[in-house]
Engineer: 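If you scroll down you'll find the structure; I have some questions about it.
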Amino acid sequence: MRRQKTATAYGAGRRTLRNVRIGAGGPVCDVRIASGRVSEIHPGGSAAPRSTGGPDVDLDGRTLLPGLWDAHVHIVQWAVARRRLDLAGTGSARAAARIAGERAASMGPGELLVGYGFRDGLWPDAPHKHLLDAMVPDRPVLLVSADLHSAWLNSAGLALLSRGDHPNGLLREEECLRATAQLSSVTTEMSDAWVREACAAAARRGITGILDFEYADNVTDWTRRMTTGQAVTGATATAAAADDAAGLSMPPPTPISTTAPIPVPAPVSVPIPVRVAAAVHPEHLDAAIARGLRTGVALREVPGGLLETGPLKLFTDGSLNTRTALCHDPYPGIPSGGPGEYGLAQVTPEELAAVMRRAAAHGMEPAVHAIGDRANEMALDAFEAVRCRGRIEHGQLLRPADVPRFAALDVTVGVQPTHAVDDRDVADRYWHGRTHRAFPFADLLAAGAALELGSDAPVAPLDPWRSIANAVARTDDARPAWHPEQRLSVAQALAASARGRRSVRVGDRADLVVVDVDPLTADLAVLRDMPVYGAMLAGAWTHLAA
């Protein structure tokens, strides 16, 4: 069956959402939608029935929120990671190798084994190709770290890269990215199908948009996905089955009413059920300039404004777990004066400013990866020199003097709250004495910075409610909050997950999410697994609970 045309799938119908709470803690209202936007808001029960347009939907007091964005995703890697061997929680290199050996025993001859999610920063032993060789001698193995900055291969995997002479099989930074791209690639058709399923799963969690930083020609890839290919619906059985197989399914919604089921229209069939901002990487900058692409401007090739050009992605440093985040203080355990004592600089300050200046001159805003405090200082210095708008991605460790510079320079900071809870132990070891200024979400907001939440999927699951809950709680286990002074309120976390939108207003795009429980009254467990009743993109349902 051919997909519906995007131009008719979105924004063409009219409908009224009745008896729905407007925003977290807001009043119960009737909301009218027309031409893809919120057209009217009336007190609950007062909107007159319409004789034409889509059917009225009684939402029985559920809460209507602005649609949620994940402001940092690597979508192809996330789509693939949903099918990879899960190594999260492994406590040693030997344990990870043993799990790989168990999976290999059930695989076909010669098939590449790909695993994801190990964190070796606290392991008592070091990853080494010989450990993997002992467990998996007869097939190539590629294990990718949770932060995407390290890849661990056995001898057979290294041979595929013509790197059989590598001393230990642990590739970091640029070598890791090249190896991952070379060995874990799949056909375009398969990759696009997996991405469609991943986006449908995201819509089921209330996502209406993503900022994709995949290491690829993203504008070209997303144009293809949004103009060709098989349609999906927000509640496809295929996508739900993929969630089940990957262990990613959410628990069933918490019942909130004993009333009869609410009649609702079926989700519309669409190629991709989310908006996308597609980041550009430096190797594609010349082509982007030649095409006249500009950050934040929708591409004409994709109807409905569903695809826009994202920022230019640049790197200053590596990551905390690999001890390559660039810091002012040395890492413990690294020999004094040795390589990597302070982390790894990916670029000089002069090179960073030069490429930012060229991009900004052509309407491309930079998004600068910076994790260590020295890297963030470098990035902010470059923004100050160039005087352009843009983003810093991660901003994990900041000197106090740099916190107010984000607002002063109009630089958005994209943060990932799940990193704060996942990396707390690694930070306590390698940033000892400095963690009071690590992941300083509350300080940034208090200083006026524009904060946007993301997952960095596949580093963390593409689930906005997990990010929101971790921003609010600063813990995801039985331990007390880690630096509770940096917690966000629920209202702040919701706004940072919705591109700053705090409620639903007349004139807004009808990119909306309906949840069963008001987030302001939900306890932490419900907030983390928030039951999402429906998601809407430009007035069309992309997901509705069964």
Side-chain angles (χ1 to χ4, degrees), residues 20-26 28 59-73 201-210 243 247-257 415-424 439 441-442 445 451-457 459-504 511-536 543 545:
V20 65
R21 190 172 300 280
I22 298 294
V28 174
L59 290 171
D60 195 26
R62 289 176 169 86
T63 298
L64 184 70
L65 301 171
L68 304 179
W69 275 70
D70 190 309
H72 196 120
V73 173
R204 293 197 295 276
R205 299 302 295 144
I207 288 287
T208 59
I210 62 171
D243 282 355
L248 296 168
S249 292
M250 292 294 134
T254 303
I256 64 168
S257 172
V415 301
Q416 299 76 41
T418 300
H419 293 359
V421 299
D422 286 346
D423 290 345
R424 63 187 288 179
F439 305 92
F441 305 150
L445 273 188
L451 214 66
E452 293 188 1
L453 303 193
S455 64
D456 203 7
V459 181
L462 204 173
D463 185 342
W465 298 102
R466 192 171 301 195
S467 296
I468 289 167
N470 288 332
V472 171
R474 297 283 289 201
T475 185
D476 65 352
D477 54 30
R479 292 182 291 177
W482 188 64
H483 291 289
E485 71 277 7
Q486 296 298 343
R487 291 183 295 192
L488 301 184
S489 69
V490 173
Q492 289 170 332
L494 282 170
S497 297
R499 286 191 155 183
R501 292 174 66 191
R502 291 183 174 273
S503 190
V504 177
D511 297 352
L512 306 167
V513 56
V514 181
V515 294
D516 282 349
V517 182
D518 187 330
L520 294 187
T521 63
D523 63 30
L524 189 60
V526 172
L527 186 68
R528 189 178 303 279
D529 293 329
M530 176 62 70
V532 175
Y533 182 76
M536 181 177 280
H543 160 66

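Remember, predicted model here, so these are calculated numbers, not experimental data.
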Engineer: Step by step, work out the side chain to side chain contact (heavy atoms under 4.5 Å, CB included) result for Leu68 and Thr208.
Structural biologist: CA-CA 6 Å; Leu68 304 179; Thr208 59; 5.6 Å; no
Engineer: Scan for salt bridge (charged side-chain N to carboxylate O under 4.0 Å, His left out) pairs involving residues 480-492, sequence neighbours excluded, and state none if there are none.
Structural biologist: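 Not a single pair qualifies under salt bridge (charged side-chain N to carboxylate O under 4.0 Å, His left out).
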Engineer: How about Val459 and Gln416: do any of their side-chain heavy atoms sit closer than 4.5 Å?
Structural biologist: no
Engineer: Output the distance between atom CG (Asp511) and atom CD1 (Ile207), rounded to the nearest 0.5 Å.
Structural biologist: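 Going from the CG atom of Asp511 to the CD1 atom of Ile207 covers 11.5 Å.
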Engineer: Can you tell if the side chain of Thr418 reaches within under 4.5 Å of the side chain of Ser455, non-hydrogen atoms only?
Structural biologist: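 Result no, sub-4.5 Å side-chain heavy-atom pair not found.
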Engineer: Does the Arg502 side chain pair with the main chain of Pro66, one donor and one acceptor, at a distance under 3.5 Å?
Structural biologist: no
Engineer: So, for Arg204 and Val532, which heavy atoms are closest and what is the spacing to 0.1 Å?
Structural biologist: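 Scanning both residues, the minimum pair turns out to be O-CB, 3.4 Å.
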Engineer: If you look at every heavy atom in Val517 and Thr63, which pair is closest and at what distance?
Structural biologist: C-OG1, 4.3 Å
Engineer: For Pro519 and Leu494, work out which heavy atoms get closest and say how close.
Structural biologist: CB-CD1, 3.9 Å
Engineer: Give the minimum heavy-atom separation between Ala535 and Ala203, together with the two atoms involved.
Structural biologist: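 Scanning both residues, the minimum pair turns out to be CB-O, 3.4 Å.
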Engineer: Is it the case that the side chain of Asp70 and the backbone of Ile210 share a donor-acceptor pair, with hydrogens and angles ignored and the cut-off at 3.5 Å?
Structural biologist: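 No, the answer is negative, given that no donor and acceptor are paired below the 3.5 Å cut-off.
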Engineer: Return yes if some donor-acceptor pair links the side-chain N/O of Arg21 with the main-chain N/O of Gly26 below 3.5 Å, else return no.
Structural biologist: yes
Engineer: Do you know which of Asn470, Asp523, Asp476 makes side chain to side chain donor-acceptor pair (under 3.5 Å) with Arg528?
Structural biologist: Asn470
Engineer: How far apart are the closest heavy atoms of Leu462 and Ala202, and which atoms are they?
Structural biologist: CD2-CB, 3.9 Å
Engineer: Kindly give the heavy-atom pair with the smallest separation between Leu520 and Ala491, and that separation in Å.
Structural biologist: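 Residues Leu520 and Ala491, closest heavy atoms: CD2-N, 4.2 Å.
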Engineer: Looking at Phe439, does the NZ or CZ of Arg474 lie under 6.0 angstrom from its six-membered ring centre and within 45 degrees of the ring axis?
Structural biologist: no
Engineer: Quick one: does Pro464's side chain get under 4.5 Å of Val513's, heavy atoms only?
Structural biologist: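 In short, these two side chains do not touch, never coming nearer than 4.5 Å.
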Engineer: Just wondering, do Ile468 and Pro417 contact through their side chains at under 4.5 Å, heavy atoms?
Structural biologist: no
Engineer: To the nearest 0.5 Å, tell me how far Asp529 CG sits from Arg466 CZ.
Structural biologist: 7.5 Å
Engineer: Are side-chain heavy atoms of Leu453 and Val415 found at a separation under 4.5 Å?
Structural biologist: yes
Engineer: Considering only heavy atoms from C-beta outward, does the side chain of Leu527 approach that of Trp465 to under 4.5 Å?
Structural biologist: yes
Engineer: Working to the nearest 0.5 Å, report the span between NE2 of His543 and CZ of Arg205.
Structural biologist: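 Result: 8.5 Å between the selected atoms.
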